[in-house]
Amino acid sequence: MKKRKPMSAETLYKIFIYVALITFAVTIIVPVGWAFLASVKENSEFYGSPWAWPKGFYFQNFIDAFQKANMGTYFINSILVTALALAILLVVALPASYVLARYRFRGRRVLNTAFMGGLFVNVNYIVVPIFLMLVDWNSLFGGTVFTNNRLMVALIYASTALPFTIYLLSGYFATLPKDYEEAAYVDGSGYFNTMVKIIMPMAKPSIITVILFNFLSFWNEYIISMTLLTDDAFKTLPVGLMNLMKAQNAAAQYGQMYAGLVIVMLPTLILYIMVQKKLTQGMTVGGLKG
């Protein structure tokens, strides 16, 4: 009889990693799959076993969520706020990251330190001061110009995302060879033209990563939009979903509630599945220099 060799420490480590990953995957996949199944159930089916498969596909839940629960308006508001925030963020962050990474000037280290310090500021802790500041501005100008304003919410989203975005983009810009810029300057290209036509296309992987990462963050943001967008006509999807869940607790329209949940989740799930490799690769590219 041959004696079995004991498993090595490396094999045991691999088994532990696989078991941990499978466990984490199950804890994520099961609730998401359950929510999708629940969204196509009729309301009467919720009073039986919660794990029972739906008897059919009751898509009326999604129609009711859009029409009766106003999820269509919330969906459009989320698209507008997210698109505006991304546009503002890129317009500010791209030139700032490029200058901080490629040029040496007085005060550069102070700016870099300030932006890096912003990485440790949790926006949830400063929502109340932001709200009070905007209310004071409303009293100065009259009306509600600065609250219930999708552009203002987009501006706050972009400003709170600046530290991480500049950190990531600066790290990528710093890794690019300077030969391309020197060749462009020799050919008579200016600083701005070189940045837009030479450096930006080379930094496309990092820019795509920034767009995708911040899209997920802005789309799912709840605290700021709940605080600053109190009018029902301006609320975003996460806030609208919470209101729908509170309303359905009394009305007991569970299928409609889960349909609203799927409407919020589906865009981010599809987007992440499509670009997960680029997202994780771009997060690890480069490192800040100087």
Side-chain angles (χ1 to χ4, degrees), residues 32 35-36 39 59-93 122-124 126-135 137-138 141-162 164-165 210-249 251 253 255-272 274-275:
V32 172
F36 274 90
S39 68
F59 293 108
Q60 185 64 33
N61 290 330
F62 290 91
I63 297 174
D64 291 340
F66 268 100
Q67 294 180 348
K68 297 180 182 180
N70 211 23
M71 296 298 285
T73 301
Y74 302 149
F75 192 86
I76 293 173
N77 288 336
S78 285
I79 292 176
L80 289 174
V81 170
T82 302
L84 284 170
L86 286 174
I88 295 169
L89 178 64
L90 292 176
V91 168
V92 176
N122 191 325
V123 66
N124 296 330
I126 59 174
V127 170
V128 173
I130 291 174
F131 175 74
L132 295 176
M133 178 183 68
L134 295 179
V135 169
W137 290 358
N138 281 337
F141 292 93
T144 57
V145 179
F146 297 99
T147 54
N148 285 318
N149 188 325
R150 287 169 292 198
L151 177 60
M152 184 59 62
V153 172
L155 184 62
I156 293 171
Y157 282 177
S159 61
T160 55
L162 265 179
F164 174 78
T165 304
V210 163
I211 292 173
L212 296 175
F213 185 87
N214 284 298
F215 172 85
L216 297 175
S217 176
F218 298 158
W219 184 266
N220 295 312
E221 200 283 325
Y222 174 75
I223 299 296
I224 296 175
S225 57
M226 180 194 67
T227 306
L228 301 183
L229 300 175
T230 56
D231 192 327
D232 198 59
F234 300 108
K235 290 177 180 177
T236 56
L237 267 178
V239 180
L241 176 63
M242 291 301 298
N243 293 342
L244 175 63
M245 293 175 70
K246 290 178 182 178
Q248 298 309 327
N249 284 339
Q253 297 294 330
Q256 186 175 329
M257 180 179 68
Y258 282 106
L261 181 63
V262 170
I263 291 171
V264 176
M265 286 195 305
L266 199 57
T268 56
L269 285 175
I270 293 174
L271 186 63
Y272 184 77
M274 291 173 59
V275 300

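Note that the structure is a prediction, hence the values are computed from the model and not measured.
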Are any non-hydrogen side-chain atoms of [X] and [Y] less than 4.5 angstrom apart?
| X | Y | result |
| --- | --- | --- |
| V264 | Y74 | no |
| L134 | I156 | yes |
| I223 | V123 | no |

All pairs passing side chain to side chain donor-acceptor pair (under 3.5 Å) where residues 75-88 contributes a residue, at least two apart: N77-R150
Separation between [atom1] of [X] and [atom2] of [Y], rounded to the nearest 0.5 Å:
| X | Y | atom1 | atom2 | result |
| --- | --- | --- | --- | --- |
| L228 | K235 | CG | NZ | 13.0 Å |
| M257 | D64 | CE | CG | 14.0 Å |
| I126 | I224 | CD1 | CD1 | 7.5 Å |
| N138 | F146 | CG | CZ | 6.5 Å |
| L89 | I211 | CG | CD1 | 9.0 Å |
| F234 | N149 | CZ | CG | 8.0 Å |

What's the shortest heavy-atom distance between [X] and [Y], and which atoms?
| X | Y | value |
| --- | --- | --- |
| A154 | V81 | CB-O, 3.7 Å |
| T165 | A93 | CG2-CB, 3.7 Å |
| G260 | A65 | N-CB, 4.3 Å |
| A161 | F218 | CB-CZ, 3.8 Å |
| S39 | F62 | OG-CZ, 3.5 Å |
| N148 | D231 | OD1-N, 2.8 Å |

Step-by-step side chain to side chain contact (heavy atoms under 4.5 Å, CB included) determination, V127 to I130: CA-CA 5 Å; V127 170; I130 291 174; 5.7 Å; no
Residue pair L229, T236: steps toward the side chain to side chain contact (heavy atoms under 4.5 Å, CB included) verdict: CA-CA 8 Å; L229 300 175; T236 56; 4.1 Å; yes
Donor-acceptor pair, side chain of Q60 and main chain of I63, under 3.5 angstrom: no
Donor-acceptor contact below 3.5 Å, side chain Q256 vs main chain Y258: no
Those residues that, when tested against L132, pass side-chain contact (heavy atoms from CB on, under 4.5 Å) (two or more places apart): V128
side-chain contact (heavy atoms from CB on, under 4.5 Å) partners of M226, counting only residues at least two apart: Y222, V239
Near-ring test F75/W219, centroid separation under 6.0 angstrom: yes
Proximity of F164 and F213 rings by center, below 6.0 Å: yes
Y157 side chain to N214 side chain, donor-acceptor N/O pair below 3.5 angstrom: no
Chi angles and distances behind the side chain to side chain contact (heavy atoms under 4.5 Å, CB included) call for T147, T230: CA-CA 8 Å; T147 54; T230 56; over 6 Å; no
